[in-house]
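Working notes for the structure below.
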Amino acid sequence: MSEKTMVENVKAYAVKKALAYLDGDPDKNIPKLLEWVDKYDKDNEYLTQRNAFRTVVNNPNNNWFRLMKSLWTDIDDDVRKTFFENFIVNTNLIGGARQKRFKEEHGCNIPWAILMDPTSACNLKCKGCWAAEYGNKLNMTYEQLDSIVKQGTEMGTYMYLFSGGEPLVRKDDIIKLCAAHPDCQFLAFTNGTLIDEKFADDMLRVKNFMPAISVEGFEEATDFRRGEGTFKAVIKAMRILKEKKLPFGASCCYTSKNVDSISSEEYIDLLVDSGAKFAWFFHYMPVGNDAVPELMPNPEQREIMYHQIRKFRETKPIFTIDFQNDGEFTKGCIAGGRNYLHINANGDIEPCAFIHYSDSNIKEQTLLEAYKRPLFMAYKEGQPFNSNHLRPCPMLENPEALKAIVEKSGAHSTDMQSPEDVANLYSKCKPYAENWTDKANELWDMSHQCTGCSGCQK
Ligand code: SF4
């Protein structure tokens with residue numbers, strides 16, 4: 001074992017111990033733990049984080065404090081402990097250090113998380129969803145899924161997400177995979193309609209699986225896109241999970257049709273009351289020949305989301321992210337293995353769930369080989385695709401970038417039913433990108449005005 005690895009393991013062990021101590025009596029032990037961190041952070045390396053955390057724990061009415069406390073009151077003890085260990089220690093500490101080593105050694109991106117589709121089958125047929133276009137016959141074998149996780153953990157990736165299709169069509173294999181890799185954290189983007197008592201009991205047994213349930217606003221908006229009765233099924237699934245003290249979140253796609261509903265305070269309150277601990281917001285993407293570009297929100301609608309999610313983040317006890325408007329926290333696009341990538345049910349390794357082009361497949365390449373191939377390397381070279389992180393995407397806001405990457409790398413369309421030429425995708429995104437630019441620049445300049453604080457050394 002190298003000296004570096006030994007230091008990392010000692011650090012991980014210390015954090016594990018601290019987490020166990022914290023878990024015993026959080027009220028009493030959080031302040032003690034803070035004192036301990038203060039003492040050891042002599043160079044003030046973590047001063048900002050320490051101050052932010054202290055502000056949260058000193059105010060019991062703070063929304064982050066309420067969210068944190070709810071993890072002890074609402075979540076099963078063993079599930080919470082497993083999450084802390086898998087997410088904080090394995091995914092971030094041990095995994096982060098290993099990813100860094102592989103990155104340096106191989107000169108390519110190594111992802112923090114892998115999103116994969118166990119199946120392209122789905123029990124619903126949502127408007128504008130690309131999953132239907134993949135057809136409903138593609139499945140990865142259990143062995144392929146298992147091999148992805150084994151290869152990934154060797155390079156430090158401990159976070160695995162499932163999409164589809166509807167991943168819970170393969171719920172037995174998913175639970176089997178969670179049991180086989182107890183040191184990894186798993187999450188599925190699911191329509192929620194296949195969650196029942198038995199599955200919730202399986203989740204309690206494996207402890208390392210979490211669903212992100214798709215909801216599009218209230219009943220009318222959800223059922224408009226996902227089909228009648230879906231909203232009621234989602235509420236039922238959330239009730240089962242809440243009763244069993246299982247953590248879950250919501251995955252919300254905003255479109256030109258549902259912005260008012262999905263950005264409302266009533267909607268966020270409904271998610272909080274239903275027991276959701278996180279709500280992730282996604283912008284509708286015009287992917288595929290059958291996409292519905294009219295569902296893309298206009299600049300005013302996107303601006304509503306920008307302000308509302310920021311407001312909720314300061315007031316509501318739920319962890320919200322708007323993936324298209326929060327690029328400033330990740331310094332732009334996270335795809336192409338920089339933080340994550342996507343593997344579809346055919347085994348094609350794609351930069352992102354929304355980018356259906358590939359030059360590698362798990363049946364022919366190892367993950368590491370795929371990371372070093374032209375498509376992912378072109379992503380790495382291009383990132384960030386814009387210095388304004390409200391325009392992060394090489395497809396949506398900088399469509400010329402994706403066109404150039406696909407053409408240069410020779411990547412092919414992975415849409416089996418109706419392959420989409422990148423020029424076609426470009427022509428759908430270009431007008432959107434042009435329309436959004438002024439508003440994006442205005443919002444960016446507003447939030448990055450110089451206050452003369454000298455933080456940037458100007
Ligand atoms: S490719 Fe676009 S949608 Fe995917 S992570 Fe990057 S910015 Fe987001």
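Order of appearance sets the numbers: ligands from 1, and atoms from 1 within every ligand. The figures here come from the full heavy-atom set of this structure, side chains too, leaving out hydrogens, waters and symmetry mates. FYI, the numbering just counts along the sequence from 1.
Residues Met296 and Ser256 fail the side-chain proximity criterion, which asks for heavy atoms closer than 4.5 Å.
Numbered from 1 in the order shown, with element, the atoms of ligand 1 that lie under 4.0 Å from a heavy atom of Tyr379 read 1 (S). For ligand 1, the atoms lying closer than 4.0 Å to a non-hydrogen atom of Met285 are 3 (S).
For the pair Asp117 (side chain) and Ser120 (backbone), a donor-acceptor distance under 3.5 Å is absent.
The aromatic ring centroids of Phe323 and Tyr254 lie 6.0 Å or more from each other.
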Result block: side-chain N/O donor-acceptor pairs under 3.5 angstrom for residues 87-99, not counting sequence neighbours:
from: Asn90; atom 1: ND2; to: Asn86; atom 2: OD1; distance (Å): 3.3
from: Asn90; atom 1: ND2; to: Asp183; atom 2: O; distance (Å): 2.9
from: Thr91; atom 1: OG1; to: Asn86; atom 2: O; distance (Å): 2.7
from: Asn92; atom 1: OD1; to: Trp112; atom 2: NE1; distance (Å): 2.8
from: Asn92; atom 1: ND2; to: Phe87; atom 2: O; distance (Å): 2.8
from: Arg98; atom 1: NH1; to: Thr153; atom 2: O; distance (Å): 2.6
from: Arg98; atom 1: NH1; to: Tyr158; atom 2: OH; distance (Å): 3.0
from: Arg98; atom 1: NH2; to: Tyr158; atom 2: OH; distance (Å): 3.1
from: Gln99; atom 1: NE2; to: Gly95; atom 2: O; distance (Å): 3.4
from: Gln99; atom 1: NE2; to: Gly156; atom 2: O; distance (Å): 2.7

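For the residue pair His389/Lys331, the side-chain donor-acceptor check at 3.5 Å is not satisfied.
If you look at atom 4 (Fe) of ligand 1, the protein N, O or S atoms less than 2.8 Å from it are Cys352 SG.
The nearest heavy-atom contact from the protein to atom 8 (Fe) of ligand 1 is Gln324 OE1, 4.4 Å.
Of the candidates Ile405, Ile349, Asn109, Phe376 forms a side chain to side chain contact (heavy atoms under 4.5 Å, CB included) with just one, namely Ile349.
In this structure, Arg310 forms a cation-pi arrangement with Tyr306, its terminal cationic atom sitting closer than 6.0 Å to the ring centre and no more than 45° off the ring axis.
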